[in-house]
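Here's the structure we're looking at; comments come further down.
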Amino acid sequence: MSNKKLIPLTGDQAVAEAMRQIEPDVVAAYPITPATEIVMNFSQFVADGRVATELIPVESEHSAMSACVGSAAAGARTMTATSANGLALMWEIVYIAASTRLPIVMPVVNRALSGPLNIHCDHSDTMGARDSGWIQIYAEDAQEAYENTIVAMRIAEHNKILLPVMVCQDGFITSHAVEGVDIFPDGEVKKFVGEYKIAHSLLDVDNPVTYGPLDLQDFYFEHKRQQADAMKNALEIIPEVLREFNDTFKRSHDLVEEYFLADAEVGIIVLSSTAGTAKTVVDSLRKKGLKVGLLRPRFFRPFPKERIIKALSHLKALAVLDRSDSFAAEGGPLFSEIRAAMYESGQRPLITDYIFGLGGRDIFPQDIEKVFKDLEEIKKTGKVKSLVNYLGVRD
Amino acid sequence: MKDMLEIRWHGRGGQGAKTASQFLAEAALELGKHIQAFPEYGPERAGAPIRTFTRISDHKINVHSPITNPDIVVVIDPTLLVSVDAAEGLGDNGILVVNTPEGPEAIREKAGYKKGKVVTCDGTKISLDTLGISMPNTPMLGALLKANPVVPIETLENKVRNKFLKKLGPEKTEANIKAIRRAFEEAKIG
Amino acid sequence: MKKKKGWKEIPIGGLIDKGGTAKAYNTGSWRTFKPVVDQAKCINCLQCWIYCPDSSVLVKDGKMVGFDMEHCKGCGICAEVCPVKCIKMEKE
């Protein structure tokens with residue numbers, strides 16, 4: 001990759017590039033830090049006539065998602081972007097988009113869902129939306145945020161899925177850092193995403209349909225059952241779409257990324273940019289002869305349970321790093337789901353949770369080294385002294 | 001032996017530290033290097049102390065945390081030496097580049113940096129002379145390159161030219177290039 | 001009673017995949033009182049036609065001609081709004 005002409009882009013700019021290449025029919029958005037630059041850059045593409053997209057500058061995120069629902073029901077390929085409190089203001093319609101089975105793609109730049117008021121990175125915004133019925137992909141860097149945006153379109157619109165997708169990247173850490181990004185040729189991206197044709201358009205007056213009718217005790221449950229099935233289908237179909245993406249663009253996307261896990265004795269599981277920092281720690285500890293590894297789920301919805309069990313069950317000790325707390329008095333959301341998944345496995349590691357990085361608190365390689373040190377201790381003693389830990393907080 | 005160069009920039013909001021950190025990274029990218037340039041965002045206000053970071057490597061850069069042990073520190077505003085420990089984490093083989101009319105020895109004392117190189121350059125004066133305004137970020141890039149040729153000065157100049165031409169016009173762009181050149185020549189290494 | 005369709009048999013997302021489906025729903029079966037019009041008193045103001053929630057007031061050539069008893073659910077709004085009180089609700 002080093003020989004190729006990489007373009008210096010922030011994570012936000014990279015996603016805007018993907019949106020330019022996808023050239024959706026409609027973008028309805030209300031900018032919010034740190035996702036602002038996605039909408040800002042895309043607006044420039046519209047203003048410069050580089051895309052024919054209908055841009056709807058709405059007056060709130062609630063309206064943004066509402067406009068997206070209307071547009072997607074009409075059969076338009078539809079995108080928006082948001083962060084944290086913006087996502088929270090969309091909330092009602094976020095659920096409606098998923099349950100109406102509209103394949104909207106929404107880049108989300110992860111930011112703490114205040115309060116106290118904070119604009120920096122953590123995952124409390126999208127983790128709160130984990131049960132909304134949206135597919136969720138988490139990117140490690142700008143390159144992946146770009147690629148995930150492209151692949152998300154195909155996943156969302158697959159006729160056995162038809163679910164909206166959140167394409168998540170870490171606020172500021174990824175969204176505002178300039179990295180060299182390999183931008184695919186426009187034509188190849190356009191060919192990959194193809195044409196989208198909705199089965200029943202709201203605007204097809206010759207074949208009139210109704211979207212979003214009242215759905216009571218007699219049918220609501222059946223529709224939710226379908227939604228659950230679609231997410232299960234997604235787990236089967238996403239690897240197929242990724243395979244096609246990988247073949248087309250010479251990449252190696254998968255549901256999860258395994259890093260030195262095969263012979264590892266202790267491991268860490270973490271989402272997004274922190275996985276990159278953890279990789280450098282794995283590298284340096286491996287050089288010292290320690291059998292350490294890392295698992296990075298790229299998809300959190302659907303939850304790639306089988307892959308997680310397969311990758312982790314042989315470990316002696318596992319630390320889950322959660323960039324949000326679920327305030328269950330039982331650790332973060334990733335922790336509870338990983339732990340529940342491992343219950344099915346005959347063989348499983350001792351598991352401990354580390355809540356970290358809330359509100360943009362920096363996480364350094366030394367912090368992750370400390371986690372590995374704790375894991376070595378758990379491996380040795382066979383005991384988890386503290387189930388839920390807070391990494392990098394002042395006592 | 002580190003295979004990655006890490007640079008930390010100290011400036012004040014509005015002095016262009018972010019732009020400088022980005023220009024250097026982008027120039028290195030053009031040479032086929034892997035790069036990262038990112039600011040530390042706080043409550044942005046003109047004058048507030050800010051830090052930005054540049055990483056340059058021959059390999060893919062995985063780490064995403066701020067730089068704590070830089071190879072080079074660039075101080076865009078000399079008044080920061082009073083309130084900020086600019087040399088923090090800077091190793092014995094490090095380089096401290098400071099915008100100041102003072103010489104390297106005086107700055108070494110002020111910054112409490114004993115071992116490595118200290119580079120001084122009156123970036124503010126150069127900026128006032130060439131641009132007519134105080135925008136010491138571009139001259140400090142020239143001073144940095146004198147101490148460590150991270151990228152050839154021509155590559156950096158081209159980058160600045162490409163970035164500024166449309167935004168500032170030819171006159172101001174060339175003034176910036178002149179500022180870089182002059183700083184490169186005038187910087188004192190001690 | 002016809003068995004309702006299961007989740008695999010219905011359109012996804014609550015979609016109603018054709019128009020005019022309300023017509024197939026016989027709300028007339030809900031009725032305990034039926035409207036009866038005295039045509040001699042009717043002034044064809046069509047207030048009943050405007051207000052009927054089930055579009056069950058039949059109009060021909062600008063004249064009120066009766067009710068669609070397949071869909072009239074006997075709510076009595078027509079009788080209520082009639083300015084000359086020519087509609088009466090009678091037990092089925």
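Worth saying up front: this structure is predicted, and the values here are computed from it rather than measured. Throughout, protein chains are lettered first and strands after them, A, B, ... in sequence-line order, and every chain is numbered starting at 1.
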Separation of A:Asp218 CG from C:Lys4 NZ (nearest 0.5 Å):
5.0 Å
More than 12 heavy atoms of other residues, nucleotides or ligands under 6.0 Å from CD of C:Gln47: is that the case?
yes
Any idea which of A:Val209, A:Thr210, A:Asn207, A:Asp215 has the most non-hydrogen atom pairs under 4.5 angstrom with chain C?
A:Thr210
Output for pair (A:Arg101 CZ, C:Leu15 CG), nearest 0.5 Å, gives 11.0 Å
Looking only at A:Ala199, A:Pro208, A:Ser99, A:Ala98, the option with the highest number of non-hydrogen pairs under 4.5 Å against chain C is A:Pro208
Please find the pair of heavy atoms, one from A:Gln226 and one from C:Ile12, that lie closest to each other, and give the distance.
OE1-CA, 3.2 Å
Would you find more than 12 non-hydrogen atoms of other residues, nucleotides or ligands less than 6.0 Å from C:Glu92 atom CD?
yes
Please check if the number of heavy atoms outside A:Phe299 that lie under 6.0 Å from its CZ is greater than 12.
yes
Please say whether more than 12 non-hydrogen atoms of neighbouring residues, nucleotides or ligands are located less than 6.0 Å from CD in C:Gln39.
yes
Engaged part of A:Leu162 at the chain C interface, taking heavy atoms whose separation is under 4.5 Å:
side chain
Give me the atom names and distance for the closest heavy-atom approach of C:Lys5 to A:Glu222.
O-CG, 4.3 Å
Can you establish whether the number of heavy atoms outside C:Lys63 located under 6.0 Å from its atom NZ is more than 12?
no
From C:Ile10 CD1 over to A:Arg225 CZ, what is the distance, rounded to the nearest 0.5 angstrom?
11.5 Å
Mind checking the NZ-CG spacing from C:Lys8 to A:Asp229? Nearest 0.5 Å is all I need.
7.5 Å
Look at atom NZ of A:Lys160 and say whether more than 12 heavy atoms of other residues, nucleotides or ligands are closer to it than 6.0 Å.
no
When you look at NZ of A:Lys197, are more than 12 heavy atoms from neighbouring residues, nucleotides or ligands closer to it than 6.0 Å?
no
For the interface with chain A, which of C:Gly20, C:Gly14, C:Gly19 has the highest count of heavy-atom pairs at distances below 4.5 Å?
C:Gly14
